Amino acid sequence: MESFILATQGSGGDVFPFLHIGSRLKARGHEVTLLSHCHYRGPAEAAGLNFNALDSPGEYSRFLADEPLLNTPSGVAEFLRRHSLPKVLTEYNFIQERHRVDHTVLVARDLFDTAARIAAEKLRMRLLHVFFAPSQLETWKIRVELFMHTLAADINRLRARVNLLPVDDWSSWLTYSDCSLALWPDWFAAPSSSWPTGLRPVGFMAE
């Protein structure tokens with residue numbers, strides 16, 4: 001039996017696919033923990049998953065209200081500083097508590113995955129990414145530029161808190177593992193050479 005830690009942030013479209021994946025893993029006998037917004041505690045527990053909330057109801061309301069910031073690169077940086085980066089160490093501690101050496105797989109969505117990347121590096125965990133839409137893959141180069149030129153100091157301060165050295169190669173640090181999941185069928189979008197090696201289209205989520 002493996003232990004899976006699923007980490008995601010966002011609105012329902014960013015969380016319910018993880019609940020679906022978690023319930024399938026649970027049905028196969030695995031231990032599953034979801035790290036997400038407090039709003040999803042009920043559905044997670046109804047699915048039989050362990051759950052850790054990353055925020056309070058008020059914090060989640062502010063998260064949703066600020067989502068329009070995600071429409072521009074400068075807005076993305078501000079959004080992450082307001083809502084994601086302040087939670088990184090909390091999320092890291094949850095992952096560390098649930099981590100079982102050689103038996104834990106960490107599954108994260110992109111963009112809000114700083115804690116997952118730090119935990120995978122520090123704790124030597126397997127990390128898989130889940131993508132909801134091809135556009136998430138097409139904007140990877142923009143993300144590298146954003147992190148390298150705007151958020152580097154913020155992230156390196158967090159890394160120092162868990163005794164990791166600063167990142168000096170952001171393209172390398174922001175690459176994806178050899179096994180990432182695309183939540184669409186292979187006919188939905190033609191693969192690009194810029195997509196991660198080993199990306200596996202698994203189809204749309206369905207009940």
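Just so we're clear, the structure is a prediction, and the values are computed from it rather than from any experiment.
- A pairwise comparison of heavy atoms in Pro166 and Asn156 identifies CA-OD1, 3.2 Å as the closest pair.
- A heavy-atom distance below 4.5 Å is not found between the side chains of Leu106 and Leu128.
- Between Leu181 and Phe131 there is no side-chain heavy-atom pair separated by less than 4.5 Å.
- No donor-acceptor distance shorter than 3.5 angstrom exists from the side chain of Asp113 to the backbone of Ala116, with no hydrogens or angles considered.
- Atom-to-atom distance recorded for Ser180:OG and Arg200:CZ is 9.5 Å, nearest 0.5 angstrom.
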Where do Arg82 and Glu78 land on the salt bridge (Lys or Arg N to Asp or Glu O under 4.0 Å) test, with the steps shown first?
CA-CA 6 Å; Arg82 290 184 190 181; Glu78 178 62 22; 2.8 Å; yes
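- Ring pair Phe16/Tyr40 is perpendicular by interplanar angle, where above 60° counts as perpendicular and below 30° as parallel.
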Can you list the steps and then say if Asn163 with Lys122 is a side chain to side chain contact (heavy atoms under 4.5 Å, CB included)?
CA-CA 8 Å; Asn163 297 314; Lys122 178 69 176 181; 3.8 Å; yes
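- The side-chain heavy atoms of Phe79 and Ser84, taken from C-beta on, include no pair separated by under 4.5 Å.
- With salt bridges taken as basic N to acidic carboxylate O contacts below 4.0 Å, none links Glu2 and Arg100.
- Cluster annotation: Ile142 is not connected to Leu70 through the hydrophobic network of ILVMFWY side chains, with a link wherever side-chain heavy atoms come within less than 4.5 Å.
- Between His83 and Phe63, the angle of the ring planes goes over 60°, which puts this pair in the perpendicular group of the 30/60° scheme.
- For the pair His30/Ser3, no side-chain contact is recorded, criterion being any heavy-atom separation below 4.5 Å from C-beta on.
- Formation of a donor-acceptor pair under 3.5 Å by the Gln136 side chain with backbone atoms of Ala133 is found in this model.
- The nearest pair of heavy atoms linking Ala189 to Trp195 is CB-CH2, 3.9 Å.
- Taking every heavy atom of both residues into account, Ala47 and Lys26 meet most closely at O-CG, 4.2 Å.
- At least one test fails for Arg62 against the ring of Tyr60: distance under 6.0 Å to the centre or angle within 45° of the axis.
- A distance of 10.5 Å separates CZ of Arg28 from OG of Ser23, quoted to the nearest 0.5 Å.
- The two atoms that bring Glu91 and Ala7 nearest to each other are OE2-CB, 3.3 Å, heavy atoms only.
- With rounding to the nearest 0.5 Å, the separation of CG in Leu49 from CD in Glu31 is 10.5 Å.
- For the pair Thr150/Arg81, a side-chain contact is recorded, criterion being any heavy-atom separation below 4.5 Å from C-beta on.
- Leu80 is not listed as a side-chain neighbour of Thr114, based on a closest heavy-atom distance of 4.5 Å or more.
- In plain terms, the two heavy atoms of Phe132 and Asp14 that are nearest each other are CZ-O, 3.4 Å.
- When the side chains of ILVMFWY residues are joined at heavy-atom separations under 4.5 Å, either directly or via intervening members, Leu165 and Trp170 end up in two distinct hydrophobic clusters.
- Rounding to the nearest 0.5 angstrom, the gap separating the CZ atom in Phe94 from the CG atom in Leu54 is 6.5 Å.
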Tell me, with the steps shown, if Thr139 and Arg143 meet side chain to side chain contact (heavy atoms under 4.5 Å, CB included).
CA-CA 6 Å; Thr139 56; Arg143 185 184 179 190; 5.9 Å; no
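- When side chains are defined from C-beta on, Phe112 does not count as touching Thr8, because their heavy atoms never get closer than 4.5 Å.
- Remark: Leu85 CG to Arg157 CZ distance equals 9.5 Å, nearest 0.5 Å.
- Taking the side chain as every heavy atom from C-beta outward, His39 and Pro57 never approach each other to under 4.5 Å.
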Give the intermediate values and the outcome of side chain to side chain contact (heavy atoms under 4.5 Å, CB included) for residues Leu127 and Glu121.
CA-CA 9 Å; Leu127 173 61; Glu121 182 179 351; over 6 Å; no
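- With Leu146 as the partner, the side chain to side chain contact (heavy atoms under 4.5 Å, CB included) test is satisfied by one option alone out of Val76, Leu174, Leu111: Val76.
- A side-chain donor-acceptor contact under 3.5 Å links His37 and Asp55.
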Working for side chain to side chain contact (heavy atoms under 4.5 Å, CB included), residues Phe18 and Val107:
CA-CA 9 Å; Phe18 277 76; Val107 184; 4.0 Å; yes
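- Closest non-hydrogen pair, Ile95 versus Ala115, comes out as CD1-O, 4.3 Å.
- Hydrophobic clustering keeps Tyr92 apart from Val101 (ILVMFWY residues linked when any side-chain heavy atoms are closer than 4.5 Å, directly or through intermediates).
- Using a cutoff of 4.0 Å between basic side-chain nitrogens and carboxylate oxygens, Asp102 and Arg126 are not scored as salt-bridged.
- For Phe188 and Phe204, the distance between ring centers is under 6.0 angstrom.
- A side-chain donor-acceptor contact under 3.5 Å links Asn71 to the backbone of Pro68.
- Relative to the six-membered ring of Tyr176, Arg117 meets both conditions, a distance below 6.0 Å and an angle of at most 45° to the axis.
- Connection of Val202 to Trp184 is established within a shared hydrophobic cluster, with ILVMFWY side chains joined at heavy-atom distances below 4.5 Å, either directly or through further cluster members.
- Under 4.0 Å is where a charged nitrogen must lie from a carboxylate oxygen, and between Glu45 and Arg41 at least one such pair does.
- Atom-to-atom distance recorded for Arg109:CZ and Leu183:CG is 11.0 Å, nearest 0.5 angstrom.
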